[in-house]
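Note that these values count all heavy atoms, side chains included, but never hydrogens, waters or copies made by symmetry.
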Amino acid sequence: MANLLTKLAMDGYGLYIWFSFGSVFVTLIGLFLISRWQLKKTLAAQRQLQQSDHDT
Amino acid sequence: MKNALSVYWHKLASVHRIETLAQRYAGWCYALAGVLLALGWGWGLFIAPADYQQSDAFRIIYVHVPVAFLSMAIYVSMALASIAFYVWNIRLGAYYCRAVALLGCCFTALALITGAIWGKPMWGTYWSWQDPRLLSELLLLFLYLGYMALIAAIPNTALADKIGAILLTIGVINIPIIHYSVVWWTSLHQGATLLKWGKPSMTVDMLIPLCISLVGMVLFTAGYALTAIRTLSLSERNQRAKLKRLGVICG
(Lines give C-alpha, C1' and ligand atoms only; values in the text may rest on other atoms or scores of the structure.)
Protein backbone atom coordinates (compact mmCIF):
# COMPACT_ATOMS: atom_id res chain seq x y z
CA MET A 1 0.00 0.00 0.00
CA ALA A 2 2.75 2.42 1.04
CA ASN A 3 4.68 1.39 -2.07
CA LEU A 4 1.67 2.19 -4.29
CA LEU A 5 1.19 5.60 -2.64
CA THR A 6 4.88 6.39 -3.15
CA LYS A 7 4.53 5.44 -6.82
CA LEU A 8 1.40 7.59 -7.20
CA ALA A 9 3.07 10.55 -5.46
CA MET A 10 5.47 10.68 -8.45
CA ASP A 11 8.41 12.15 -6.56
CA GLY A 12 6.32 15.05 -5.25
CA TYR A 13 4.88 15.98 -8.67
CA GLY A 14 1.81 13.73 -8.31
CA LEU A 15 -0.72 16.55 -8.04
CA TYR A 16 0.55 18.23 -11.23
CA ILE A 17 0.72 14.93 -13.16
CA TRP A 18 -2.64 13.52 -12.06
CA PHE A 19 -4.42 16.83 -12.63
CA SER A 20 -2.98 17.03 -16.19
CA PHE A 21 -3.91 13.46 -17.09
CA GLY A 22 -7.30 13.83 -15.36
CA SER A 23 -8.23 17.01 -17.22
CA VAL A 24 -7.37 15.43 -20.60
CA PHE A 25 -9.17 12.17 -19.72
CA VAL A 26 -12.35 13.96 -18.56
CA THR A 27 -12.36 16.16 -21.69
CA LEU A 28 -11.96 13.16 -24.02
CA ILE A 29 -14.77 11.26 -22.26
CA GLY A 30 -16.96 14.38 -22.38
CA LEU A 31 -16.32 14.93 -26.10
CA PHE A 32 -17.00 11.25 -26.84
CA LEU A 33 -20.30 11.32 -24.90
CA ILE A 34 -21.40 14.62 -26.51
CA SER A 35 -20.69 13.35 -30.03
CA ARG A 36 -22.58 10.06 -29.38
CA TRP A 37 -25.51 11.87 -27.74
CA GLN A 38 -25.83 14.35 -30.63
CA LEU A 39 -25.75 11.50 -33.15
CA LYS A 40 -28.39 9.51 -31.25
CA LYS A 41 -30.62 12.61 -30.99
CA THR A 42 -30.32 13.26 -34.74
CA LEU A 43 -31.00 9.61 -35.61
CA ALA A 44 -34.08 9.66 -33.36
CA ALA A 45 -35.33 12.81 -35.10
CA GLN A 46 -34.77 11.14 -38.49
CA ARG A 47 -36.70 8.05 -37.40
CA GLN A 48 -39.54 10.25 -36.14
CA LEU A 49 -39.68 12.08 -39.49
CA GLN A 50 -39.68 8.82 -41.44
CA GLN A 51 -42.40 7.41 -39.16
CA SER A 52 -44.65 10.45 -39.61
CA ASP A 53 -44.01 10.37 -43.38
CA HIS A 54 -45.05 6.71 -43.36
CA ASP A 55 -48.21 7.48 -41.34
CA THR A 56 -49.35 10.25 -43.68
CA MET B 1 -9.46 14.31 -68.41
CA LYS B 2 -9.66 17.37 -66.13
CA ASN B 3 -13.43 16.96 -65.92
CA ALA B 4 -13.15 13.25 -65.11
CA LEU B 5 -10.63 14.05 -62.37
CA SER B 6 -12.95 16.69 -60.93
CA VAL B 7 -15.88 14.23 -60.91
CA TYR B 8 -13.70 11.61 -59.20
CA TRP B 9 -12.48 14.12 -56.62
CA HIS B 10 -16.04 15.25 -55.82
CA LYS B 11 -17.18 11.63 -55.55
CA LEU B 12 -14.28 10.81 -53.24
CA ALA B 13 -15.09 13.78 -51.01
CA SER B 14 -18.85 13.30 -51.02
CA VAL B 15 -20.60 13.74 -47.67
CA HIS B 16 -22.64 10.59 -48.32
CA ARG B 17 -19.45 8.53 -48.67
CA ILE B 18 -18.07 9.92 -45.40
CA GLU B 19 -21.40 9.12 -43.73
CA THR B 20 -21.01 5.47 -44.76
CA LEU B 21 -17.39 5.48 -43.55
CA ALA B 22 -18.51 7.02 -40.24
CA GLN B 23 -21.17 4.38 -39.75
CA ARG B 24 -18.59 1.63 -40.30
CA TYR B 25 -15.40 2.95 -38.73
CA ALA B 26 -16.10 5.65 -36.09
CA GLY B 27 -16.66 3.02 -33.38
CA TRP B 28 -13.45 1.22 -34.33
CA CYS B 29 -11.50 4.49 -34.21
CA TYR B 30 -12.80 5.23 -30.70
CA ALA B 31 -12.12 1.66 -29.49
CA LEU B 32 -8.56 1.62 -30.89
CA ALA B 33 -7.94 5.11 -29.48
CA GLY B 34 -9.05 3.88 -26.03
CA VAL B 35 -6.69 0.89 -26.17
CA LEU B 36 -3.71 2.92 -27.43
CA LEU B 37 -4.24 5.75 -24.95
CA ALA B 38 -4.51 3.29 -22.04
CA LEU B 39 -1.30 1.60 -23.24
CA GLY B 40 0.61 4.83 -23.97
CA TRP B 41 -0.43 6.59 -20.76
CA GLY B 42 0.10 3.47 -18.59
CA TRP B 43 3.57 2.97 -20.10
CA GLY B 44 4.40 6.66 -19.78
CA LEU B 45 3.22 6.91 -16.18
CA PHE B 46 4.55 3.69 -14.68
CA ILE B 47 7.17 2.08 -16.96
CA ALA B 48 9.11 4.87 -18.72
CA PRO B 49 12.16 6.00 -16.69
CA ALA B 50 12.14 9.37 -14.90
CA ASP B 51 13.98 12.25 -16.57
CA TYR B 52 17.41 13.02 -15.09
CA GLN B 53 16.62 16.75 -14.84
CA GLN B 54 12.83 17.00 -14.51
CA SER B 55 12.33 13.75 -12.57
CA ASP B 56 8.72 12.44 -12.76
CA ALA B 57 7.30 15.86 -13.75
CA PHE B 58 8.32 15.16 -17.37
CA ARG B 59 5.49 12.55 -17.58
CA ILE B 60 3.07 15.39 -18.36
CA ILE B 61 4.64 15.21 -21.85
CA TYR B 62 2.40 12.16 -22.59
CA VAL B 63 -0.70 14.34 -22.53
CA HIS B 64 0.75 17.78 -23.32
CA VAL B 65 2.56 16.97 -26.57
CA PRO B 66 -0.32 15.01 -28.24
CA VAL B 67 -2.93 17.72 -27.44
CA ALA B 68 -0.57 20.56 -28.44
CA PHE B 69 0.36 18.79 -31.71
CA LEU B 70 -3.29 18.11 -32.53
CA SER B 71 -4.38 21.66 -31.66
CA MET B 72 -2.14 22.81 -34.54
CA ALA B 73 -2.73 19.83 -36.86
CA ILE B 74 -6.52 20.19 -36.61
CA TYR B 75 -6.28 23.91 -37.42
CA VAL B 76 -4.09 23.21 -40.49
CA SER B 77 -6.53 20.49 -41.66
CA MET B 78 -9.43 22.95 -41.18
CA ALA B 79 -7.60 25.57 -43.26
CA LEU B 80 -6.98 23.01 -46.05
CA ALA B 81 -10.62 21.88 -45.91
CA SER B 82 -11.68 25.54 -46.10
CA ILE B 83 -9.60 26.06 -49.24
CA ALA B 84 -11.17 22.92 -50.80
CA PHE B 85 -14.62 24.26 -49.92
CA TYR B 86 -13.99 27.82 -51.10
CA VAL B 87 -12.05 27.05 -54.29
CA TRP B 88 -13.62 23.76 -55.51
CA ASN B 89 -16.96 24.04 -53.67
CA ILE B 90 -16.40 20.71 -51.88
CA ARG B 91 -19.17 20.73 -49.29
CA LEU B 92 -17.37 18.18 -47.10
CA GLY B 93 -14.76 20.86 -46.35
CA ALA B 94 -17.34 23.06 -44.63
CA TYR B 95 -18.83 20.09 -42.77
CA TYR B 96 -15.37 19.08 -41.55
CA CYS B 97 -14.57 22.56 -40.23
CA ARG B 98 -17.87 22.79 -38.35
CA ALA B 99 -17.41 19.24 -37.00
CA VAL B 100 -13.90 19.52 -35.55
CA ALA B 101 -13.84 23.17 -34.37
CA LEU B 102 -14.94 22.23 -30.82
CA LEU B 103 -12.38 19.43 -30.65
CA GLY B 104 -9.57 21.73 -31.81
CA CYS B 105 -10.67 24.36 -29.31
CA CYS B 106 -10.67 21.82 -26.44
CA PHE B 107 -7.23 20.49 -27.42
CA THR B 108 -5.81 24.03 -27.53
CA ALA B 109 -7.28 24.81 -24.09
CA LEU B 110 -5.87 21.51 -22.78
CA ALA B 111 -2.43 22.28 -24.28
CA LEU B 112 -2.45 25.62 -22.43
CA ILE B 113 -3.70 24.08 -19.16
CA THR B 114 -1.31 21.10 -19.13
CA GLY B 115 1.53 23.39 -20.25
CA ALA B 116 0.81 25.79 -17.38
CA ILE B 117 0.67 22.89 -14.89
CA TRP B 118 4.02 21.61 -16.21
CA GLY B 119 5.41 25.14 -16.16
CA LYS B 120 4.84 25.71 -12.43
CA PRO B 121 7.34 23.10 -11.13
CA MET B 122 9.78 23.62 -14.03
CA TRP B 123 9.77 27.39 -14.64
CA GLY B 124 8.37 28.52 -11.27
CA THR B 125 5.32 30.11 -12.89
CA TYR B 126 2.08 28.97 -14.53
CA TRP B 127 2.07 31.71 -17.17
CA SER B 128 4.25 34.41 -18.68
CA TRP B 129 2.92 37.24 -20.86
CA GLN B 130 6.41 37.66 -22.34
CA ASP B 131 6.60 34.12 -23.73
CA PRO B 132 6.01 33.91 -27.53
CA ARG B 133 5.02 30.18 -27.52
CA LEU B 134 2.36 30.68 -24.85
CA LEU B 135 0.97 33.83 -26.48
CA SER B 136 0.80 32.34 -29.99
CA GLU B 137 -0.96 29.23 -28.62
CA LEU B 138 -3.41 31.53 -26.77
CA LEU B 139 -4.02 33.31 -30.08
CA LEU B 140 -4.85 29.91 -31.62
CA LEU B 141 -7.49 29.40 -28.90
CA PHE B 142 -8.99 32.80 -29.81
CA LEU B 143 -8.99 31.83 -33.52
CA TYR B 144 -10.98 28.66 -32.72
CA LEU B 145 -13.39 30.59 -30.47
CA GLY B 146 -13.71 33.34 -33.11
CA TYR B 147 -14.51 30.78 -35.83
CA MET B 148 -17.16 29.06 -33.68
CA ALA B 149 -18.72 32.40 -32.66
CA LEU B 150 -18.74 33.55 -36.30
CA ILE B 151 -20.54 30.50 -37.72
CA ALA B 152 -23.00 30.54 -34.81
CA ALA B 153 -23.76 34.25 -35.30
CA ILE B 154 -24.59 34.10 -39.05
CA PRO B 155 -27.96 32.39 -39.67
CA ASN B 156 -27.26 31.83 -43.40
CA THR B 157 -25.21 28.60 -43.32
CA ALA B 158 -23.64 28.98 -46.78
CA LEU B 159 -22.50 32.54 -46.02
CA ALA B 160 -21.25 31.55 -42.54
CA ASP B 161 -19.19 28.72 -44.05
CA LYS B 162 -17.63 31.05 -46.64
CA ILE B 163 -16.70 33.76 -44.13
CA GLY B 164 -15.47 31.08 -41.70
CA ALA B 165 -13.31 29.58 -44.47
CA ILE B 166 -11.65 32.98 -45.04
CA LEU B 167 -10.96 33.39 -41.30
CA LEU B 168 -9.46 29.88 -41.07
CA THR B 169 -7.26 30.41 -44.14
CA ILE B 170 -5.89 33.73 -42.89
CA GLY B 171 -5.41 32.38 -39.35
CA VAL B 172 -3.18 29.52 -40.53
CA ILE B 173 -0.26 31.99 -40.56
CA ASN B 174 -0.23 31.55 -36.77
CA ILE B 175 0.79 27.87 -37.03
CA PRO B 176 4.43 28.36 -38.21
CA ILE B 177 4.67 31.20 -35.68
CA ILE B 178 3.70 28.78 -32.87
CA HIS B 179 6.11 26.10 -34.12
CA TYR B 180 9.12 28.37 -34.69
CA SER B 181 8.49 30.78 -31.78
CA VAL B 182 10.97 28.86 -29.62
CA VAL B 183 13.62 29.19 -32.36
CA TRP B 184 13.01 32.80 -33.43
CA TRP B 185 12.62 34.39 -29.98
CA THR B 186 13.77 33.85 -26.41
CA SER B 187 11.27 31.58 -24.69
CA LEU B 188 10.78 29.77 -21.39
CA HIS B 189 9.44 26.86 -23.45
CA GLN B 190 11.86 24.12 -24.48
CA GLY B 191 12.71 23.51 -28.15
CA ALA B 192 10.94 20.99 -30.41
CA THR B 193 11.02 17.39 -29.14
CA LEU B 194 9.57 15.46 -32.09
CA LEU B 195 8.99 17.73 -35.11
CA LYS B 196 12.54 18.72 -35.96
CA TRP B 197 15.35 17.76 -38.32
CA GLY B 198 17.57 14.94 -37.11
CA LYS B 199 16.95 12.67 -34.13
CA PRO B 200 14.19 13.38 -31.54
CA SER B 201 15.46 14.78 -28.21
CA MET B 202 14.28 11.71 -26.25
CA THR B 203 15.51 8.20 -25.61
CA VAL B 204 13.56 5.33 -27.20
CA ASP B 205 12.02 4.08 -23.92
CA MET B 206 10.47 7.52 -23.39
CA LEU B 207 9.66 8.07 -27.06
CA ILE B 208 7.64 4.87 -27.72
CA PRO B 209 4.83 5.63 -25.20
CA LEU B 210 4.71 9.20 -26.54
CA CYS B 211 4.23 7.93 -30.11
CA ILE B 212 1.54 5.46 -28.92
CA SER B 213 -0.32 8.27 -27.09
CA LEU B 214 -0.05 10.47 -30.16
CA VAL B 215 -1.49 7.78 -32.47
CA GLY B 216 -4.27 7.14 -29.92
CA MET B 217 -5.15 10.82 -29.86
CA VAL B 218 -5.14 10.99 -33.71
CA LEU B 219 -7.54 8.01 -33.80
CA PHE B 220 -9.79 9.70 -31.23
CA THR B 221 -9.81 12.80 -33.49
CA ALA B 222 -10.72 10.64 -36.50
CA GLY B 223 -13.57 8.95 -34.58
CA TYR B 224 -14.90 12.28 -33.34
CA ALA B 225 -14.64 13.91 -36.79
CA LEU B 226 -16.47 11.02 -38.51
CA THR B 227 -19.26 11.00 -35.89
CA ALA B 228 -19.66 14.79 -35.95
CA ILE B 229 -19.72 14.96 -39.79
CA ARG B 230 -22.37 12.21 -39.86
CA THR B 231 -24.45 14.09 -37.27
CA LEU B 232 -24.18 17.37 -39.21
CA SER B 233 -25.12 15.72 -42.49
CA LEU B 234 -28.09 13.86 -40.98
CA SER B 235 -29.30 16.95 -39.18
CA GLU B 236 -29.17 19.01 -42.40
CA ARG B 237 -31.10 16.26 -44.19
CA ASN B 238 -33.73 16.28 -41.41
CA GLN B 239 -33.99 20.06 -41.72
CA ARG B 240 -34.53 19.78 -45.49
CA ALA B 241 -37.20 17.10 -44.98
CA LYS B 242 -39.00 19.32 -42.46
CA LEU B 243 -38.92 22.31 -44.85
CA LYS B 244 -40.13 20.13 -47.72
CA ARG B 245 -43.05 18.94 -45.62
CA LEU B 246 -43.83 22.51 -44.58
CA GLY B 247 -43.86 23.44 -48.29
CA VAL B 248 -46.32 20.62 -48.96
CA ILE B 249 -48.55 21.80 -46.11
CA CYS B 250 -48.38 25.42 -47.32
CA GLY B 251 -49.04 24.33 -50.89
Q | Verdict with reasoning, B:W118 to A:Y16, per ring pair (Phe, Tyr, Trp, His ring centres under 6.0 Å) | A | CA-CA 7 Å; B:W118 197 359; A:Y16 298 110; over 10 Å; no
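- Comparing B:L37, B:L110, B:T227 by heavy-atom pairs within less than 4.5 Å of chain A, the highest count is held by B:L110.
- For A:S23, the parts lying near chain B are the backbone and the side chain together; criterion is any non-hydrogen pair under 4.5 Å.
- Ring geometry for B:H64 against B:H189 counts as tilted: the plane angle lies between 30° and 60°, on a 0 to 90° scale.
- By the 30° and 60° cut-offs, the orientation of the rings of B:F46 relative to A:W18 is tilted.
- Here the rule is side chain to side chain contact (heavy atoms under 4.5 Å, CB included) with B:R240, and of B:K244, B:E236, B:K242 only B:E236 fits it.
- Most heavy-atom pairs under 4.5 Å with chain A: of the set B:I113, B:V67, B:T114, this distinction falls to B:T114.
- Of all residues spanning residues 50-57 of chain B, those with a heavy atom less than 4.5 Å away from chain A's heavy atoms are B:Q54, B:S55, B:D56, B:A57, arranged by number.
- B:K120 forms no cation-pi arrangement with B:W123, by the criterion of a distance under 6.0 Å to the ring centre and an angle within 45° of the ring axis.
- Residues passing the side chain to side chain donor-acceptor pair (under 3.5 Å) test with B:S77, sequence neighbours excluded: B:Y96.
- Ranked by non-hydrogen atom pairs under 4.5 Å with chain A, the options B:A228, B:G223, B:A241, B:C106 are led by B:C106.
- The aromatic rings of B:F58 and B:Y62 stand perpendicular to each other, their planes meeting at an angle above 60°, with 30° marking the opposite boundary.
- Surrounding CG of A:L15 are at most 12 heavy atoms belonging to other residues, nucleotides or ligands under 6.0 Å away.
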